There are 2 protein chains.
Amino acid sequence: MPTMKDVARRAGVSVSTVSRVISGSDRISAATKERVRAAMKELGFHPNAIARSLASKTAGTIGLVVSRSPENAFANSFFPEVIRGIGSVLSKHGYYLLLIMTDDPEVERAQTLAALRSRRVDGAIITSSRVSDTLFRHLVDEKQKFVLIGRVLDDLPVSYVDNDNVKVGYMATRHLIEAGYRRIAMISGDPQYIVSLDRIEGYKKAISEAGMEFRKEYLVNAGFTREAAEEACQKLLALDQPPDAIFAADDTMASGAVRAILKSGLRIPEDVGVIGVNDDPLASMMRPALSTVRIPVFELGVWAARILMDLLSDGETVPRQMVLPGTLVVRESSSTRGLFSA
Amino acid sequence: MPTMKDVARRAGVSVSTVSRVISGSDRISAATKERVRAAMKELGFHPNAIARSLASKTAGTIGLVVSRSPENAFANSFFPEVIRGIGSVLSKHGYYLLLIMTDDPEVERAQTLAALRSRRVDGAIITSSRVSDTLFRHLVDEKQKFVLIGRVLDDLPVSYVDNDNVKVGYMATRHLIEAGYRRIAMISGDPQYIVSLDRIEGYKKAISEAGMEFRKEYLVNAGFTREAAEEACQKLLALDQPPDAIFAADDTMASGAVRAILKSGLRIPEDVGVIGVNDDPLASMMRPALSTVRIPVFELGVWAARILMDLLSDGETVPRQMVLPGTLVVRESSSTRGLFSA
DNA sequence: TGCTCATGTGCAATCGTTTGCACTGCTGGA
DNA sequence: TCCAGCAGTGCAAACGATTGCACATGAGCA
C-alpha cells in the first residue's frame, strides 16, 4: 500500500503538501495540486483512515447501540428504520456507523463503554432506556458524547429524542373510546422499559378522562412478544366481564391479541376492537388490517444523529431533548364499531 | 485522557512494559504486572484503539454491507438475523462491526471500497449479489478480504456462503406437486438478482421432472414486493387456464398472492395452494398460515463471519464456498390438497 | 532600491501504541 | 571459576497521517 510519503516523492513535494492537497484546504498552487493528484492516481493511493484518526483525534465513527430487548425486537421494523434515519444524516457528515448489538445486556454495556473509552467511536446513539440503568450515569460522568433514543426518568443531563409515549397511549385508548368501545383492556410491554410506563400512563389518562373506571385486571404485561400477548388476551377474554377492546402496546402484541380473539370465535371489530402501536408493515398486512398509532421511527433516527453531530462539532454541552408525536392510523380492526353501537 | 506514558511514569516502568502488561503476553514479573495494573486503575486508563490499530496494522473492525435491495428488504427478518449470526462470531474474536447501508447503490459501492481501501475495516461481508456487478472484480483485483452472502455467476475466486436456491425452488415446487396441484405458477423476484434466477431454475426443474409442461405465462416477476405480487397474482387468476397453485419466491410476495386469491373468492388451500420462501415471522402469523421453505439466515451470518475470520488470520488465499440447505415447512396454505384431489 | 507581505512549500513534532533488539543480572552446569 | 542462557525490562524505531511554524520567493508600494 502506498503512503503519502510515496506520493510525495513521486510528485516531488513534501508530505505536508500532499496532506494539504488531500484535505483540500489551504494555499496550494494549481500546478502542484495537479501533480500531486496525478501521483496519487498513478500509485493508487488511498489515505489510511486509522493514521488520519490518530493525528486528527477523531475516529470518524459513531456507535449505534441496539438493544435486542423485546422492545425493539426484530419482529418489527423499528431497528432498520432507525438505522436508515441515522445513516441518512451520518453519511452527509462522512461518519461511519459502528454497530453494537448482542444478546447479552452486560456485554452490550461493556462494549459500549469500551468503544467510547477507547475512542474507537466519537459518540454513540443508544436505543434503549430501561428504568434503572447506571450506564447513562457513567457516560455522563465520563463526559462521553451520546444521544438516547428514548428518555430517562431521573434528571440526568442527557440529550435524547423520544416519541411522546404518554400521548401515544392516550391517542390509542381515546380512539377506542370514541369508536364506541366501553371495556378497554391494555396489553403492555415489559414495565422495565420507560416506554411501557409511558404508554400505560396514557392509557390510564384516557380511561379516567372518559369517566371510566380503571380496572386492574384489564392491564396485563406481555413483554412485547406475540406469544405472551396471545396468552394474555385469552385470559382477558375469559374474565367474567371480558373487555370489548384491546389496546396493545405494539403491533406485534396486537397481532397476538387478534389471533386469540379470532380463535375464541369472536369477530373483529364487531365484538372486540384492537389497536396497536408502530404501524409496521405487519399492521397493514394483517387481516383484519390493524389500527395503530404510527411512530416516526425514521425521524427519530434522523434527529438523534443530528443532535449527536451538533454535540460533536460545537462541543455543545447543554443537553437537547426532543419529543416527536405519533399519528393515529385507523384500519379495519377498530373503525366500524361506531356503526354497531349506534 | 491518560496515556500509556502516564501509566508508565506512575508505575515507574517503561511504556513497553505497560504495553506488554496490557497485551497479557510476554515475560513480566508478577510484581510489575501488579504495579502497572494498579496504576492503570488509579488513572482510569483505557488504551486508545486508534493508536493501537495504527501500530498493529489491524483495524479490529469488519464492514457489513447491507444492500437495501428488495431482496433482503426489511419487511422480512433477513437482515437482523444475519447480523445476529455475524455478531455472535465476531464478538468472540473481539471485532467490531461497521455497518454500510444506504439507499443509493452507488454510494454503497463507494463506501464499501473506501472503507476497505482506507483500512478502516480489515474485511467485509457483503449481502447482495446482482447478476452484473463489477464491485467484486475490483475487490478481487485489490486483494481485499471479503465474503459474500450469496454467490457469483462467473468464476471469480470469491469466498461465499449461500443457501441452495435452486434446491429451494425445487423443494417448494415439488411439494406443491406432491400435494396434488397440477397447474403451478411462480411469482419470482427481480431477475437482476442471482437468487431469483436460481429459484426459477429449481422451479423449472421440478416442473419438468414431474412431466409437466413449463408455461411461460405462469412465470411472472414481482420484484420482491407484496403489492406487485398481489397484482401479478390477480393476472394469473384471470388467465384462461388459471394456476391452481402459486410458488412465490419469498414470503412477502406470498402474502400478496394470498390476498389476491382470497379477494377473488377462491379458497386456500382447497382451490389454490400457496408456498413462500424464508419462513419469516409473517409466515406463521398469516391466516391461512403459510407453507414455506425456511432459510437458515442466522447460520449464513455465522459462516460468513467464520470464513472471513479465517481469511484474516490465516492469510488464507483459496476461496471457500459453502452452500446451506433450506427446510420445507408445511402449514395451512398447501397441506391439505391431497385430501381433496384423492 | 529597499521594505512589507502575501503566497506557496517544507521541517519536524505529534498522535498513542507495538515490537525487535539490546542490555542487565542471576542461575546453574562444567 | 567461567560462561552460557534466560528472565525481566528499556530504548527507540516504526505505524501514516496532521499541523504549527519557519522559510523562500516575488509582487507591490513608497
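Everything quoted here is computed from the prediction, not taken from an experiment. The chains referred to below are lettered A, B, ... by the order of the sequence lines, with proteins before strands, and numbering in each begins at 1.
Within 4.0 Å (heavy atoms only), A:S29 reaches sugar-phosphate atoms of the nucleic acid but no base atom. Within the nucleic acid shown, A:T17 comes within 4.0 Å of sugar-phosphate atoms alone, with no base atom in reach, counting heavy atoms only. Within the nucleic acid shown, A:V18 has no heavy atom closer than 4.0 Å to any nucleic acid atom.
Between the side chain of B:R20 and the base of D:dG8, no donor-acceptor pair under 3.5 Å is found. A donor-acceptor contact under 3.5 angstrom links the side-chain atoms of A:S16 to the base of C:dC11.
For D:dG10, the OP1/OP2 oxygens have a side-chain nitrogen or oxygen of B:S14 closer than 4.0 Å. One finds a side-chain N or O of B:S19 lying less than 4.0 angstrom from the OP1 or OP2 phosphate oxygen of C:dT18. Within the 4.0 Å cut-off from OP1 or OP2 of D:dC15, not a single side-chain nitrogen or oxygen of A:T3 is found.
Residue whose closest nucleotide on DNA chain D sits further toward the 5' end, between B:T32 and B:K57: B:T32.
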Q: Test A:L311 against A:L308 for side chain to side chain contact (heavy atoms under 4.5 Å, CB included), laying out the working first.
A: CA-CA 5 Å; A:L311 246 49; A:L308 186 57; 4.2 Å; yes
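What separates CZ of B:R27 from C1' of C:dG25 is a distance of 13 Å, to the nearest Å. As rounded to whole Å, 11 Å separates atom C1' of D:dG16 from atom CG of A:D6. Whole-Å rounding puts the B:M4 CE to C:dT19 C1' distance at 11 Å. Taking atom CD1 of B:I50 as the reference point, atom C1' of C:dC15 lies 11 Å away to the nearest angstrom. To the nearest angstrom, P of D:dA17 lies 9 Å from CZ of A:R52. Atom CG of A:L54 and atom C1' of D:dA14 are 13 Å apart (whole Å). In this entry the distance linking CZ of A:R119 with P of C:dT17 reads 12 Å, nearest Å. Between the C1' atom of C:dT17 and the CZ atom of A:R120 lies a distance of 13 Å, rounded to the nearest Å.
Over its length, the helix from C:dT1-D:dA30 to C:dA30-D:dT1 turns its helix axis by 50°, as judged from the five terminal pairs at each end, rounded to 10°.
Here the CD1 atom belonging to A:I83 is positioned 10.0 Å from the CD atom belonging to A:E81, to the nearest 0.5 angstrom. We find the OH-CD1 distance between B:Y160 and B:I126 to be 15.0 Å, quoted to the nearest 0.5 Å. Atom CG of A:L139 sits about 12.5 Å away from atom NZ of A:K145, to the nearest 0.5 Å.
By the 6.0 Å contact criterion, NE2 on A:H46 is enclosed, its count of non-hydrogen atoms from other residues, nucleotides or ligands being greater than 12.
The side chain of B:A51 sits closest to C:dT17 out of C:dC15, D:dT9, C:dT17.
The aromatic rings of B:F224 and B:Y193 sit perpendicular, their planes meeting at an angle over 60°, well past the 30° parallel limit.
Side-chain N/O atoms of B:S53 and B:R119 include no donor and acceptor closer than 3.5 Å. Inspection of the B:T17 and B:S14 side chains reveals an N or O donor paired with an N or O acceptor under 3.5 Å.
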